[in-house]
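Quick caveat, the model's predicted, so the values are computed rather than measured. Position 1 is the first residue of the sequence, and the numbers go up from there.
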Amino acid sequence: MPTIAPGDKILVSGANGYIAIWVVRRFLEKGYAVRGTVRSPDKGRYLENYFKSYGNKFEVAIVEDITKEGAFDEAVKGVDAIAHTASPFYLNAGSVDELVKPAVNGTVSILKSAQKNGSSVKRVVVTSSTAAILETGVDKVFSEADWNELSIAEVKEQGDAALGMTIYRASKTLAEKGKMDVFGPAIHDVKGFDSLNTSARQWYDTVVGKDQNESLKSPGSSYIDVRDIAEAHTLALEKEAAGGERIICSAGPYIWQDWRKYHIRPGTLDISSNHKFIYIVDAAHSLVPSPIPSHPNLPVGYPGVKPAGKPMRYDASKADRILGLKCRTILEVTQDTLADFEERGW
C-alpha cells in the first residue's frame with residue numbers, strides 16, 4: 001500500500017477540532033501541505049490566522065454538512081491522503097441520531113468521495129476511539145481484535161433513552177465498522193475554560209476546579225496526549241506497515257486522583273495483567289515550580305487513595321511496533337496543560 005512523504009497534500013476533516021488542529025499542525029511542521037475542512041467560513045478564519053506563517057501550504061475548504069452524500073466531493077480532489085477526524089464527542093446528546101448519524105454517515109461520505117473523485121489519494125486514516133473497543137464490566141486487556149457490540153445493542157434497545165456515553169460508544173463502533181481519553185494543551189479556538197471540549201473540560205474541572213467527589217478514586221479509561229495522537233496520524237500515513245491496520249494508541253491507564261501529585265505506587269505494576277496505576281490528580285502538586293502559580297491552592301482530592309477497581313487496559317504494542325510511537329507521560333501532560341491554562345489566565 002502506497003505511503004506519503006513531505007510535500008504531499010493532506011486533507012484533514014473537521015480541522016478546527018481539538019485533535020484535528022494538532023493533526024494539521026504536525027503535518028505542516030513535517031513539510032506537508034494541508035487542506036482542512038470546516039463547516040463555515042467563520043471557523044475557517046481562525047485556522048487561516050493560526051497557520052498564516054505556512055502561507056499557501058495551508059488552505060480551508062467548507063463542508064457544511066459532513067453527513068450528506070457527496071459532501072467531500074470537491075475537498076478530496078488533488079490530495080494525496082486523508083485524515084478523517086470529524087465526529088462529535090459530547091455526553092448530552094438529545095437523540096441517538098445526533099451522534100450516530102454524523103459519525104457513521106460522515107465516515108461513509110468521505111470514503112465515497114475519495115473513491116469517486118480522489119484519484120490521487122494513496123491512503124486514508126480514520127480517527128476512532130477506544131469507545132469502539134471497550135465493554136464496561138469486562139476484566140480484560142482490550143486489543144484491536146475487539147468490538148464494542150454491547151453499546152450498540154443497548155442503543156438499539158433503549159433508543160434516545162440510552163446514556164450519553166453509551167450512545168457515543170455506539171457511534172464510534174458503528175462509524176468504524178461502516179474512548180481513549182485525550183488530554184493536553186488546546187490550540188483550537190477556545191474562548192474560555194467553559195468552552196473546552198469534553199475531555200479537556202473534565203480534566204480542568206478535576207485538576208484545577210472544585211470537582212471533588214468519589215469518582216477521583218475510580219479507575220478511568222486510558223489516556224494519551226493530543227500531540228501524540230497528532231503524531232500517530234502522520235505516522236499512520238507514512239509507515240508502509242500501517243496500511244490496512246487498526247491501531248490502538250495509549251499511554252496507559254489512570255485514575256483521576258493521579259493528575260494531582262505524581263508518583264507510582266509501589267506494587268501497582270502487574271505485568272501479567274498489563275495493570276499500572278500512575279497517580280495523576282497528584283501530578284499537579286509535584287511540579288516545582290508550579291506551572292500555574294495563579295492557583296496556589298489546587299485541590300488535593302484524596303492523596304494516597306487505593307484505586308477502587310481495575311482500569312480499562314489496552315494492548316498498544318502495535319502502535320509501538322508499527323508506528324514507533326512514543327507517548328508523553330502523565331507528568332509531561334500535566335506540566336504543559338497547566339502552563340497553557342496559566343498563559344490563558346484560567
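- Atom CG in Asp340 sits 9.5 Å away from atom CD1 in Ile187 (nearest 0.5 Å).
- Within the 4.5 Å cutoff, the side chain of Val34 has no heavy atoms near those of the Phe51 side chain.
- A donor-acceptor pair under 3.5 Å links the side-chain atoms of Asp8 to the main chain of Ala5, judged by distance alone.
- When only modelled atom types and interatomic distance are considered, Glu240 and Thr3 share no side-chain donor-acceptor pair under 3.5 Å.
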Output, in order, the C-alpha distance, side-chain angles, deciding distance and verdict of salt bridge (charged side-chain N to carboxylate O under 4.0 Å, His left out) for Glu59 and Lys9. CA-CA 10 Å; Glu59 63 186 69; Lys9 178 176 284 189; 3.0 Å; yes
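- Residues Ser120 and Val76 have side chains not in contact (no heavy-atom distance under 4.5 Å, counting atoms from C-beta outward).
- Checked by atom type and distance alone, the side chain of Arg35 pairs as donor or acceptor with a backbone atom of Lys77 at under 3.5 Å.
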Could you go through the side-chain contact (heavy atoms from CB on, under 4.5 Å) check for Tyr50 and Arg25 one step at a time? CA-CA 10 Å; Tyr50 186 84; Arg25 176 168 156 173; 2.8 Å; yes
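- Residues Leu196 and Trp203 fail the side-chain proximity criterion, which asks for heavy atoms closer than 4.5 Å.
- Here the shortest heavy-atom pairing between Pro291 and Gln335 reads CB-NE2, 3.5 Å.
- One distance of note links CD1 of Ile110 with OG of Ser13; it measures 4.5 Å at 0.5 Å rounding.
- Pairing each heavy atom of Ala20 with each of Gly14, the nearest pair is CB-O, 3.0 Å.
- The closest side-chain donor-acceptor pair between Asp73 and Ser113 falls under 3.5 angstrom.
- More than 12 heavy atoms of other shown residues, nucleotides or ligands fall within 6.0 angstrom of atom NZ in Lys122.
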Would Val121 and Val79 count as a side-chain contact (heavy atoms from CB on, under 4.5 Å) if you check the C-alpha gap in whole Å, the side-chain angles of each, and the deciding distance to 0.1 Å? CA-CA 6 Å; Val121 173; Val79 301; 3.8 Å; yes
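- Ion pairing between a basic and an acidic side chain is recognised when a charged N comes within 4.0 Å of a carboxylate O; Asp189 and Lys43 show no such pairing.
- Counting heavy atoms of neighbouring residues, nucleotides and ligands inside a 6.0 Å radius, atom CD of Glu48 exceeds 12 of them.
- Summarising the geometry, atom CD belonging to Glu231 is positioned 7.0 Å from atom CG belonging to Leu325; distances are rounded to the nearest 0.5 Å.
- Ala81 approaches Ile4 most closely through the heavy-atom pair CB-CG2, 3.7 Å.
- With contacts defined as side-chain heavy-atom distances shorter than 4.5 Å, the pair Leu338/Phe341 qualifies.
- Here Ser250 contributes atom OG and Asp228 contributes atom CG; the two are 11.0 Å apart, rounded to the nearest 0.5 Å.
- The two residues Glu245 and Ala241 make their nearest non-hydrogen contact at CG-O, 3.5 Å.
- Of the inter-residue distances, the one linking Thr234 atom OG1 with Lys30 atom NZ reads 3.0 Å to the nearest 0.5 angstrom.
- Between Arg39 and Asp65 no salt bridge is recorded (no basic side-chain N to carboxylate O distance below 4.0 Å).
- Looking at Arg123 and Glu238, no side-chain N of the basic residue comes within less than 4.0 Å of a carboxylate O on the acidic one, giving no salt bridge.
- The two residues Cys249 and Leu323 have their closest heavy-atom pair at SG-CD1, 4.4 Å.
- Crowding of Lys68 atom NZ: a count of heavy atoms from other residues, nucleotides or ligands under 6.0 Å not exceeding 12.
- Remark: Glu29 CD is packed, more than 12 non-hydrogen atoms of other residues, nucleotides or ligands lying under 6.0 Å away.
- At distances below 3.5 Å, not a single donor-acceptor pair connects side-chain atoms of His233 with backbone N or O atoms of Val125.
- Proximity of a side-chain donor or acceptor of Ser109 to a complementary backbone N or O of Glu69 within less than 3.5 Å is not detected.
- With hydrogens and angles ignored, the 3.5 Å screen pairs a side-chain donor or acceptor of Tyr18 with a backbone N or O of Gly184.
- For the pair Tyr223 (side chain) and Phe183 (backbone), a donor-acceptor distance under 3.5 Å is absent.
- Using modelled atom types, one side-chain atom of Lys318 and one backbone atom of Arg246 make a donor-acceptor pair closer than 3.5 Å.
- Between Ile21 and Tyr46, the closest side-chain pair of non-hydrogen atoms falls below 4.5 Å.
- Ring orientation note: the planes of Tyr314 and Phe142 are tilted relative to one another, at an angle of 30° to 60°.
- Within a 6.0 Å radius of NZ in Lys116, no more than 12 heavy atoms belonging to other residues, nucleotides or ligands are found.
- Thr37 places no side-chain N or O within donor-acceptor distance of the main-chain N or O of Ala61, the cut-off being under 3.5 Å.
- Residue Leu237 holds its CG atom at 9.5 Å from CD1 of Ile82, rounded to the nearest 0.5 Å.
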Stepwise side-chain contact (heavy atoms from CB on, under 4.5 Å) check, Leu287 with Leu331: CA-CA 8 Å; Leu287 297 168; Leu331 192 60; 3.3 Å; yes
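- Side-chain N or O atoms of His285 include one that pairs as donor or acceptor with a backbone N or O of Pro299 at under 3.5 Å.
- Pairing each heavy atom of Thr337 with each of Pro185, the nearest pair is OG1-N, 3.8 Å.
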Set out, in order, the CA-CA distance, both residues' side-chain angles and the distance that settles side-chain contact (heavy atoms from CB on, under 4.5 Å) for Leu47 and Val24, then state yes or no. CA-CA 10 Å; Leu47 295 177; Val24 172; over 6 Å; no
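- In this structure, Ser199 contributes its side chain and Val182 its backbone to a donor-acceptor pair below 3.5 Å.
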